[in-house]
Amino acid sequence: MNQPLETIFSKIIRREIPADIVYEDNLAIAFRDVSPQAPVHVLVIPKQPIAQLSDAGSQDHALMGHLLLTAKRVADQLNLSQGYRVVINNGPDGGQTVSHLHLHLLGGRQMQWPPG
Ligand code: AMP
């Protein structure tokens with residue numbers, strides 16, 4: 001069987017390519033984005049590879065909550081006391097480029113609204 005959910009993030013999880021990992025537990029891993037869009041730009045991903053948010057189902061209820069709380073935990077860990085933004089790009093119109101669900105945690109500067 002093919003592995004359609006194999007992405008560069010799978011390789012990061014398996015430590016096959018380097019990443020600046022800032023947090024890890026049995027369900028999730030968080031690492032710095034290689035092309036940061038803010039002074040702090042971390043990606044929080046599930047170890048179980050869901051391609052995108054729109055593929056998540058009721059069976060992923062607890063995992064989705066865990067990812068959001070992980071983003072909060074990492075924000076606290078990285079001292080984003082002035083605030084931060086959490087973004088999920090979903091599918092082509094959402095600007096998603098890696099087909100492994102991920103939360104962008106952005107902070108360390110004033111964010112603008114609306115996003116592009
Ligand atoms: P998205 O466009 O929402 O799918 O976000 C994918 C993100 O993954 C982008 O911000 C990329 O800069 C980031 N990215 C791609 N490859 C790597 C990598 N090897 N290590 C860390 N971040 C990466």
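By convention here, the first residue in the shown sequence is residue 1. Below, each value reflects all heavy atoms present in this structure, side chains not excepted, and no hydrogens, waters or symmetry copies. What you are looking at is a predicted structure, and each value in this text was computed from that prediction instead of being measured. Order of listing sets the numbers, starting from 1, for every ligand and every atom in it.
Ordered by chain and residue number, the residues placing a heavy atom less than 4.0 Å from ligand 1 are I8, F9, I12, F31, R32, D33, V34, S35, L43, N89, G95, Q96, T97, V98, H102, H104.
For N90 (side chain) and L53 (main-chain N/O), a donor-acceptor pair under 3.5 Å exists by modelled atom type.
Here K47 pairs with E24 under the side chain to side chain donor-acceptor pair (under 3.5 Å) rule; sequence neighbours left out.
A ring-ring contact (aromatic ring centres under 6.0 Å, His included) check over residues 13-63, counting only residues at least two apart or in different chains, returns the pairs F9-F31, H41-H104.
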Worksheet item: V98 and I45: side-chain contact (heavy atoms from CB on, under 4.5 Å), yes or no, with the steps?
Response: CA-CA 11 Å; V98 178; I45 72 171; over 6 Å; no
Expected list for residues 75-88: side-chain donor-acceptor pairs under 3.5 angstrom, two or more places apart:
unit_1: Q77; atom_1: NE2; unit_2: V22; atom_2: O; d: 2.7
unit_1: R85; atom_1: NH1; unit_2: Q112; atom_2: O; d: 2.8
unit_1: R85; atom_1: NH2; unit_2: Q112; atom_2: O; d: 2.9

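Side chains of E6 and H100 form no contact here, defined as non-hydrogen atoms less than 4.5 Å apart.
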